[in-house]
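Worksheet for the structure shown next.
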Amino acid sequence: MPTVVAGYDTGDPPAGTVPPVKPRSDMDASLDIVLIQRRTLRTLMAGLIPAGAAMSGAYAASAVLGEDLTGSAFLGGLVAASMTTGSALASLPLARLMADRGRRPGLLVGYLTGILGALLAVLAALTGWYVFLVFGMLGIGAGHGANLAARFAAADLAPAEGRARAIGTLVWASTVGSVVGPTIGFGPAKDLAGSIGFPPLAGPYIVAAFLFAVAALVIQRRLRPDPLVVAGGVGSGGSDGAGLAAAARSLAASPVGRLAVVSMVVGQVVMVAVMTMTPLHMRDGDHALEVIGYVISLHIIGMYACAPVVGWLADRVGARPLLAAGGVLLVVGAELTARTDAADSLGIFLGLFLIGLGWSVGLIAASAMLTSEFDGPERVRVQGLSDLCMTATGGLAGVGSGVVVALGSYEILGHASAVIGVVPTAAVLLMVLSARRSAATRRS
C-alpha cells in the first residue's frame, strides 16, 4: 500500500487514476510543494550529471569505434547519428509512460535502456559485430531522451514565475556531464578496459553502463514523491498513435505551442548543422586539433553554462522576448562563422559560442512556454512530441549539413543557417503585430 507524505501519495498511481490526494490545507500545500520541488531539483541534478557523462562519453567514442569495426568513416558517422535516432524514437514512448505513471518510471526506463545500449556496445567492441554498436547507440539515445525529459520534470512543481529558472538549472547541470564524459571515456576508461583484457574502445561503454546505473539508482530511490503525480499530471496516456495524434492536435490548436516547438527545432537545426561541419572547416584551415577542441568547448559553454541566467531572464521579462533574442543570437553566430576564413579562428570561436547561447535561450524559453501552455497528461504528450521534433530534425540537420558543404561550401551553410535562425524572431514579431491589430480592431 503506498504511503502518504504531507498529504500526497508517494507511490506510482495505476494508469488512468485521478490526481493525487488533496493537501491538508493551503498553508501545508504551499510548504509541501516548496520542499518537494527542492528535493526534486536536487535529485534530478544528481541523476542528470552521471547520465550526461555516460551519453557524451559514449557519443565521443562511437564514430571512432564504428570506423575501427568497418574501416569506413561513413559507417562510423552513421553510428554517431544512431544516438540521435534513438533519442527521437524514445521520446513519445517515454512521454506516454510518464503520462500514465509519472516521471520516475519514465526516467528509469530511459536510463535502464541506456545501460542495455552501453552493454551492447561493449559486446560490439569484443566481437567486432558492427550491428551491436548500432543498436547499442540507439539504446544510449533513449538514455539521452530521458535526460531531455528531466528538464520538464524540473518544472512540474515550480511556480509559474520560476519554471524557466528551474528548467535552466537542469540544463546548466548538463554542463558537467557533457564536459567530463569524453575526458573519462578517452582517458581512464580506456585504461580500465585494457587492464581487464578488453579492447580500449570498450572502456567508454563500460563506464557509460556504470554511470547510467548510478543515474537510475538515484532516480529510483530519491525521486519520491513523483513530481508529476503531485502536480496532478498523471492520467491515461492512450495508445502511442492516439497520444501522438492528440499531441499534434493540441499543438495545431495553440499558437503559443507552435511557436515554442518551432523555436526549439530551429535552434537545434542551426546548432547541429554548423557544429557538425566546423571541425572539418577548421581542419581545412590547418588549425591544430587543440584549437578545434577549444572551439567546441566554448560552444558547449555557450549551450549550458549560462542556462540559470537565461531561465531567470525568461521568468522576469517573459519567454517570447527571449525567443526573439535567441533567434538574433543564432543569426549573428551563423553569420560570423560564414564570414570567417578557414585559416582564421576568432569569428568561429565567437560564432559557435553565440550559436550555443542562442540554442540555450530558445530551448529554455520554449520549454517553459510548453509547460505553462498545457496541463495534465496533455502537457506530457506535447513535451514528448516537441522532443521528437527537435531530435529528429537535429539528426537530419547533421546529415544535411554535410550535403550542403559537399555541394556548396561552409560559407553557404552558415548563411543558410542564419536564414533559418531568424524564424523565431520573425514569428514573435508577427504575433505581437497581430495582437496589436486585433486590439485596435476591437477598440474601433
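If you read the sequence from its start, that first residue is 1, and numbering goes on from there. Note that the coordinates shown come from a computational prediction; the quantities given were computed from them, not determined experimentally.
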Return a table of donor-acceptor pairs under 3.5 angstrom between the side chains of residues 85-95 and protein atoms on other chains or two or more places apart.
{"from": "T85", "atom 1": "OG1", "to": "A81", "atom 2": "O", "distance (Å)": "3.2"}
{"from": "S91", "atom 1": "OG", "to": "S87", "atom 2": "O", "distance (Å)": "2.8"}

(message) If you count heavy atoms of other groups shown closer than 6.0 angstrom to CZ of F135, is the number above 12?
(response) no
(message) For Y59, give me all partners under side chain to side chain contact (heavy atoms under 4.5 Å, CB included), at least two apart in sequence or on another chain.
(response) S62, A80, M83
(request) Measure the shortest side-chain to side-chain distance between V109 and P105 over non-hydrogen atoms and say whether it is less than 4.5 angstrom. (result) no
(request) Just jot down the ring-ring contact (aromatic ring centres under 6.0 Å, His included) partners of Y111, sequence neighbours excluded, or say none. (result) none
(message) Do I355 and L329 make a side-chain contact, defined as non-hydrogen atoms from C-beta onward lying under 4.5 Å apart?
(response) no
(request) Can you see which heavy atom on S345 is nearest to which on H287, and at what distance? (result) CB-CE1, 3.7 Å
Could you go through residues 139-146 and list every donor-acceptor pair under 3.5 Å that involves a side-chain atom there, pairing it with any protein atom two or more places apart or in another chain?
none

(message) Can you pull out every salt bridge (Lys or Arg N to Asp or Glu O under 4.0 Å) where at least one residue sits in residues 292-315? Sequence neighbours excluded, please.
(response) R165-D315
(request) Can you run down the side chain to side chain donor-acceptor pair (under 3.5 Å) pairs that involve residues 197-217, sequence neighbours left out, and say none if there aren't any? (result) none
(request) Provide the closest heavy-atom pair for T425 versus V328 in the form atom of the first, atom of the second, distance. (result) OG1-N, 3.4 Å
(request) Check step by step if side-chain hydrogen bond (donor to acceptor under 3.5 Å, both in side chains) holds for S250 and R381. (result) CA-CA 9 Å; S250 297; R381 288 194 294 262; 5.9 Å; no
(request) May I ask you to decide if A334's main-chain N or O and T337's side chain share a donor-acceptor pair within less than 3.5 Å? (result) yes
(message) Less than 4.5 Å apart, side chain to side chain, heavy atoms only: is that true for W359 and V270?
(response) no
(message) Testing the basics here: between R379 and L370, what is the closest heavy-atom pair and its distance to 0.1 Å?
(response) CG-O, 4.4 Å
(request) Would you mind listing every side chain to side chain donor-acceptor pair (under 3.5 Å) that reaches into residues 323-333, with sequence neighbours excluded? (result) none
(message) Once ring-ring contact (aromatic ring centres under 6.0 Å, His included) is applied, do any residues pair with F132, and if so which ones, sequence neighbours excluded?
(response) W129
Taking distance alone, no hydrogens or angles, what donor-acceptor pairs closer than 3.5 Å link side-chain atoms of residues 271-281 to residues at least two apart or in another chain?
{"from": "T276", "atom 1": "OG1", "to": "V272", "atom 2": "O", "distance (Å)": "2.6"}
{"from": "T278", "atom 1": "OG1", "to": "V274", "atom 2": "O", "distance (Å)": "2.6"}
{"from": "T278", "atom 1": "OG1", "to": "Y410", "atom 2": "OH", "distance (Å)": "2.7"}

(message) For a 4.5 angstrom cut-off between non-hydrogen side-chain atoms, does V380 reach R103?
(response) yes
Would you give me the side-chain donor-acceptor pairs under 3.5 Å for residues 38-54, sequence neighbours excluded?
{"from": "R39", "atom 1": "NE", "to": "R222", "atom 2": "O", "distance (Å)": "3.2"}
{"from": "R39", "atom 1": "NE", "to": "R224", "atom 2": "O", "distance (Å)": "2.9"}
{"from": "R39", "atom 1": "NH2", "to": "R222", "atom 2": "O", "distance (Å)": "3.4"}
{"from": "T40", "atom 1": "OG1", "to": "I36", "atom 2": "O", "distance (Å)": "2.8"}
{"from": "T43", "atom 1": "OG1", "to": "R39", "atom 2": "O", "distance (Å)": "2.9"}

(message) Taking atom CD1 as the centre, does I196 end up with more than 12 heavy-atom neighbours from other residues, nucleotides or ligands that are less than 6.0 angstrom away?
(response) yes
(message) Could you work out, with salt bridge (Lys or Arg N to Asp or Glu O under 4.0 Å) as the rule, every residue matching E335, not counting sequence neighbours?
(response) R339
(request) Could you name each residue pair satisfying side chain to side chain donor-acceptor pair (under 3.5 Å) that touches residues 387-399, not counting sequence neighbours? (result) R151-D387
(request) Locate the shortest heavy-atom distance separating L170 from A154; write the atom from each residue and the value. (result) CD2-CB, 3.5 Å
(message) Set out, in order, the CA-CA distance, both residues' side-chain angles and the distance that settles side-chain contact (heavy atoms from CB on, under 4.5 Å) for F374 and S254, then state yes or no.
(response) CA-CA 9 Å; F374 301 98; S254 169; 3.8 Å; yes
